[in-house]
Amino acid sequence: MSASPRFVKPTHDFNLPKVEREILERWSAAGVERQALDRRDGRPTYVFFEGPPTANGRPGIHHVFARTLKDVVCRYWTMKGYHVPRKAGWDTHGLPVEIEVQKELGISIKPEIEAFGIGPFNDRCRVSVFKYKGEWEKLSKRMGYWLDYDEPYVTCDNRYVSSLWSILARFFDEGLLERGHRILPWCPKCGTGLSSHEVAQGYQDVQDPSVFVRFPRVGHPGQSFLVWTTTPWTLPANVALAVHRDLDYVRVRRAANDGAGEELLLAEALVAKVFGKETVEIVERMSGASLVGERCERPFDWLPFEGEGRHDLLVAGDFVSAEEGSGIVHMAPAFGEDDHFVGVKEGLAILNPIDAQGRFAAGIPLVGGQFVRDANSELVRELERRGKLFRRDNFTHAYPHCWRCKTPLLYWLRPSWYLRTTRIKERMVAQNREIQWFPADIGTGRFGEWLENNVDWAVSRERFWGTPLNVWSCATCRSLQVVRSEAHLRQLVPTLPDGFDLHRPHIDAIELPCTKAGCGGNARRTPEVVDCWFDSGAMPFAQHGWIAEPGKAPPQDHPADYISEGLDQTRGWFYTLHVISTFLTGKPASKRILVGNLVLDAKKQKMSKSRGNTVDPWQEIDAHGVDAVRWHLIAQSHPWLPRAYDPAAVGATGRELFGTLWNCWSFFATYAELDQFDPRSQAEPQMMARSELDRWLAAEVERLVEEVDAAFARYDLTKAANLIAAFVDRKLSNWYIRRARDRFWGRGMTADKLAAYTTLWEALDRVARVMAPLAPFFADALRGWLEPGGTSVHLDSFPSPRAERRAPELERDMEAVLDVVALGRRARSAAGINLRQPLGCVYLKGADAAIDGKLGSRFAELIAEELNVERVVVADESRLDQLRTLKVKPNFKLLGPKLGPKLGAAKQALEKLTTEQAAAVLRGEALTLYLGGAPATFTSAEVEVVLEGKPGFGVETDGRMLVAFDTTLTPTLIAAGHVREVVKRVNNSRREAGLRVADRIDLHLAGPAALLAAAEAGRARIGDDTLAVVIAFGGEPPTGDDWRSFPWEVDAEPLIVTLRRIRG
RNA sequence: GCACCCGUAGCUCAGCUGGUUAGAGCACGCGCCUGAUAAGCGCGAGGUAAGUGGUUCGAAUCCACUCGGGUGCACCA
């Protein structure tokens, strides 16, 4: 033996997690990740934006999924020759962080934070936000998500904040950043308003009272307006009622109940719904318009009306409907958008009796100091005491809650800063059409509709840990100015120390001279901070510290080619990115958006900590290997559908795909080691010099490359994964290797063997490359096994399909061969004759004459071996007549439109035709039938002829092809079967004895005479197939240290195999 | 309440520009093969295609409604 072999048979069992750990070490030692991320060398850039996570929570299994979607695409384009920068980012500001710190400190409301001190509080936030940074980085590394963590963008860095300021200043310049008084969703616990996309995150079912209240009609004793509300706590703030001008209203008299003759006014359409079975008498009909201006008496008169504003009357409101309630709506202009809108229009008074924590003012009777929602029941009782309550129920409805602290929100009149997104809505809608969404209907549907219903973005937060809003307001003249960047601030305040932190509370202390000519006043910063969704939405700009200026070009990597996040980001990150990019550049932030859906548990339940059904990503990765996790998550179904995470299924992926590939590799290595095969040392065999099977596999490999490439290019990762898995299972492992196995067995290196090695090596190599984006670890391991010391697959290129190797005809022919063989196995199984028993002859009939010719010649040997028969015979007409009948069926696609309702009759008539008539059709003859007396002619294309096997001949058919065996067993065949039985037992014995495949043996066989006789006659074959050098038959099995005996049964008779390894 | 997605074998999913006999994998049962060996292959059983109605010669596929699941929207007063 000369040099040591290039390939070595693996001596250990397959263990994917272990393989992955080795690859991690290799990547780390060789700096592979860094090289892949940094590769430029004149490549075009493929731009990816990373949505920043907040690292104050642990990453879960759904993050593994989300990050796989990002990673696969980035790896693919890297292999396609692009430079794909992947700058990591951290989302660091905002309510989620503050809430965590509040929990740490055991405090819950704003005044407590102020007492603790904004400075120390924010210092804690800055630390908290990176609490799990290490774990995020570790998980990214372990799962193979390559992301550049060396210079991440961090939203709380001065540089980032400075960039945000410049962008806000541009909104301000254009008049799109304004302070407004509007009804705002307000979290009483956090003490801040929320934006619509935050509200959208937090709907939960709650039970609320549903009460009908009497509002006495002034000037009409005994009459009341009937009013419905689900928020009794807003009744003390009532100033008016609203009716719809165009609705019909009625005055009804109640018969004899408690009210004894009372009269109630409500919308006519709701009478039945409100009174149900109770009989009421309609006294008067009137229009809504006629009620406008009527006076009413509010139920609670605790709050005085001061100054201006009309009150205690009926006004008109377009929003009033007769769907529910009474058609008369109670108006509290401080607590509802419609109420407020109408209130402004009608000049109504505004009563605002609650504080920022959602508590009634202390001076209010009965409920003073109570949290408003808690006051509901007390207020309802009071209504009852006052005789104002008509009815009370409860009803359950979805109500918005604070997305972080879960407190029910209040809609409350409150000043806030707005980005006037409604003014750029048309641009946003138009630009959305430029985005390629995966799936497309998110863009037109969910996201498109969201844009159509756009409302201004309430962008300020009355909080502490966030980008300070960069608007200063003059205490004297109220004029506003914005600070455009940190540099700008330094111009304005030259004394600012180095390292000045732009956050609160430091920034609050900065006063600026008023810029208005002649004012001379001092401007103070408006106290709010900015919605943290603005931070992340601005990342295409702020990640580069880009400073916005009028007319300035965007960063050169804008827009991105690709982003991917979860479905929940539709109204989150995807939206805020879109607002800011559209405003600044007129373009969307990314050309393509791939949306991932939820990862549910194995029972399709949402994972949540409270249910206790969360899946620990580390445990899954350790158990199955992350490539199996990644692969399964991608292959299971399209990313935008919800998926169940089933650990058992992940394990199966690991075994089936990676285990099979491992076996393929192991097979290759076993023989490559023995033969010292080295693809470098020989010229690659010409394709034309290789066997048909080799050319077939090579063609299929190129087809795979083409199809996988196309699937990746259209972002169909699921298809790519399934194509690869199907190829490995069906083509590579279960056909090529199985059929080519014995070509690797002979001694010495023949041309055919070299061709087989080369073909298999090439196939494995290309599989490694095409699967690399999906299974980065295994692919790189396989690549390393195939080319020891070579470069990482991730620094290599995605293979280009070699079109010249494609062989469409051969690919189709082999499909037919596979089908014939499957039928043949089914036929043998049905006949009860196992594959070891050779048979004399198999009769075949393929789908058409062209394939018949090939089955009988080029593929005959292959089929004969696979089905263990001596001869393959393409059945001629007379043989076929014995084996099958023919049936004629309509070609529905052609005849449906032609015959219409007569198709059914035609079908029946055709089915009655004889085999002879059908055979004529097969020969291409036209067919004339009488349908209901009228002749109808069918061409051979308009009907289909199908085969049916005749019973009793062991025929198997799929309607087009046919396989039948001659099951006659001659003594020769039986003897040959015996030899195969013996070979199998000897080889099983070899394995049980722990021999290596190339070990030679001495062999002794003991058993029934007929079996031994057959074996003796076939000793050459046994010797070849079991590497037995000396074979002895009959007598007592030898004994001794080296000899080992194995008892078997053949046809219910004992066979004793005794063997020993020949040393040296 | 409104909108969107989904409902196919015990489980996970294909198929869905309508074509009559609805597929695959897993799991299960039986058998086979094995010089890749705690793998592999074949066969079988398993389906009122959620339900109802419609369009059509023909519907898992198109339409309507109902039920169930998911998601989103929504101030529901």
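Reminder, nothing fancy here: chain letters follow the sequence lines and each chain counts from 1.
Counting non-hydrogen atoms under 4.0 angstrom, A:P897 reaches a base of the nucleic acid. No contact: A:L894 has no heavy atom under 4.0 Å from any strand. Within the 4.0 angstrom heavy-atom criterion, only backbone atoms of the sugar-phosphate kind lie near A:T229; the bases stay farther away. In this structure, A:G336 reaches neither bases nor backbone, as no heavy-atom distance under 4.0 Å exists between it and the strands shown.
Using atom C1' as the reference point in both B:G29 and B:C67, the two lie 36 Å apart (nearest Å). Distance noted for atom P between B:A50 and B:G10: 13 Å (whole Å). Between B:C43 and B:A38, the two C1' atoms lie 24 Å apart (nearest whole Å). If you take atom C1' in B:U52 and the same atom in B:A59, they sit 15 Å apart, rounded to whole Å. Spacing of P atoms, B:C75 relative to B:G18, comes out at 40 Å, to the nearest Å. The same atom, P, is picked in B:G46 and in B:C57; the two are 34 Å apart, to the nearest Å. Going from the P atom of B:G58 to that of B:U48 covers 24 Å, rounded to whole Å. Taking the P atom of each, B:C62 and B:G15 are spaced 12 Å apart, rounded to whole Å.
By the side-chain contact (heavy atoms from CB on, under 4.5 Å) test, A:D999 is found to be paired with A:R990, A:L995, A:R996, A:R1061, residues two or more places apart in sequence or in another chain being considered. Partners of A:E866 according to the salt bridge (Lys or Arg N to Asp or Glu O under 4.0 Å) rule, which considers only residues two or more places apart in sequence or in another chain, are A:R738, A:R739, A:R825. Residues passing the side-chain contact (heavy atoms from CB on, under 4.5 Å) test with A:K731, sequence neighbours excluded: A:W696, A:E700, A:R703, A:F727, A:E815. Listed by chain and residue number, nothing satisfies the side-chain hydrogen bond (donor to acceptor under 3.5 Å, both in side chains) test with A:E911 (two or more places apart in sequence, or in another chain). Residues passing the salt bridge (Lys or Arg N to Asp or Glu O under 4.0 Å) test with A:R826 are A:E956, sequence neighbours excluded. For the salt bridge (Lys or Arg N to Asp or Glu O under 4.0 Å) test, residues two or more places apart in sequence or in another chain that qualify with A:R1021 are A:D1025.
For A:Y671, the listed nucleotide lying nearest its side chain is B:A36; candidates were B:A77, B:G42, B:A36. Side-chain atoms of A:D1025 lie closest to B:G35 of the nucleotides B:G35, B:U71, B:A36. The side chain of A:V329 approaches B:A77 more closely than any other nucleotide in the set B:A77, B:C13, B:G19. In this structure, the nucleotide among B:A36, B:U21, B:G35 sitting nearest to the side chain of A:K889 is B:U21. When the nucleotides B:A77, B:G19, B:A74 are ranked by their closest atom to the side chain of A:W450, B:A74 comes out on top. Side-chain proximity of A:R825 to B:G42, B:A36, B:G35: nearest is B:G42. Picking from B:U12, B:A77, B:G35 the nucleotide with the shortest atom distance to the side chain of A:Q636 gives B:U12.
Summarising the geometry, the separation between CG on A:N987 and C1' on B:A36 is reported as 14 Å, rounded to the nearest angstrom. One interatomic measurement links the two molecules: CZ of A:R414 to C1' of B:C75, which rounds to 19 Å at whole-angstrom precision. Atom-to-atom, CG of A:L732 to P of B:G40 comes out at 14 Å; the value is rounded to the nearest Å. In this structure, CD of A:E948 is placed 13 Å from P of B:U21, rounded to the nearest angstrom. In this structure, A:W631 atom CH2 and B:U12 atom C1' are separated by 17 Å, rounded to whole Å. When the P atom of B:U71 is taken as reference, atom CD of A:Q569 falls 16 Å away, rounded to whole Å. Distance CH2 (A:W228) to P (B:C75): 15 Å, rounded to an integer number of Å. The CG atom of A:L760 sits 11 Å away from the C1' atom of B:A36 (whole-angstrom rounding).
Side-chain atoms of A:N988 and A:R985 form no donor-acceptor pair, as typed in the model, at a separation below 3.5 Å.
No salt bridge links A:K889 with A:E944; every basic N to acidic carboxylate O contact stays at or beyond 4.0 Å.
No hydrogens or angles were tested; on distance alone, a donor-acceptor pair under 3.5 Å links the side chain of A:S733 to the base of B:A36.
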Provide a list of protein-nucleic acid N or O atom pairs under 3.5 angstrom, restricted to nucleotides 23-33 of chain B.
residue	atom	partner	partner atom	Å
B:C33	OP1	A:N834	OD1	3.3
B:C33	OP1	A:R836	N	3.2
B:C33	OP1	A:R836	NE	3.2
B:C33	OP1	A:R836	NH1	2.6
B:C33	OP1	A:R836	NH2	3.3
B:C33	OP2	A:R836	NH1	2.2
B:C33	OP2	A:R836	NH2	2.7
B:C33	O5'	A:R836	NH1	3.0

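Residue order along RNA chain B, read from the 5' end via each residue's closest nucleotide, puts A:P890 first among A:V983 and A:P890.
An aromatic stack links A:W745 and the base of B:G35, using centre distance under 5.5 Å and interplanar angle under 30°.
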Item to complete: Tell me, with the steps shown, if A:T570 and A:Y575 meet side chain to side chain contact (heavy atoms under 4.5 Å, CB included).
Response: CA-CA 6 Å; A:T570 309; A:Y575 172 64; over 6 Å; no

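In this structure, the side chain of A:R391 does not engage the main chain of A:V211 through any donor-acceptor pair within 3.5 Å.
Cation-pi check for A:R828 over A:F965 is met; the charged atom lies under 6.0 angstrom from the ring centroid and within 45 degrees of its normal.
One finds no side-chain N or O of A:N734 lying less than 4.0 angstrom from the OP1 or OP2 phosphate oxygen of B:G40. In this model, the phosphate group of B:C43 is approached by a side-chain N or O of A:R826 to a distance below 4.0 Å at OP1 or OP2. Contact check, A:T230 against B:A77: a side-chain N or O comes under 4.0 Å of OP1 or OP2. An OP1 or OP2 oxygen of B:A39 is reached within less than 4.0 angstrom by no side-chain nitrogen or oxygen of A:N663.
Every stem involving RNA chain B, taken as at least 3 paired positions in a row under the Watson-Crick or G-U wobble test at 3.5 Å, is listed here: B:1-7 with B:67-73, B:10-13 with B:23-26, B:28-32 with B:40-44, B:50-54 with B:62-66.
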Hey, can you pull the donor-acceptor pairs under 3.5 Å for the side chains in residues 657-671 of chain A, sequence neighbours left out?
residue	atom	partner	partner atom	Å
A:T660	OG1	A:E656	O	2.4
A:T670	OG1	A:S666	O	2.6

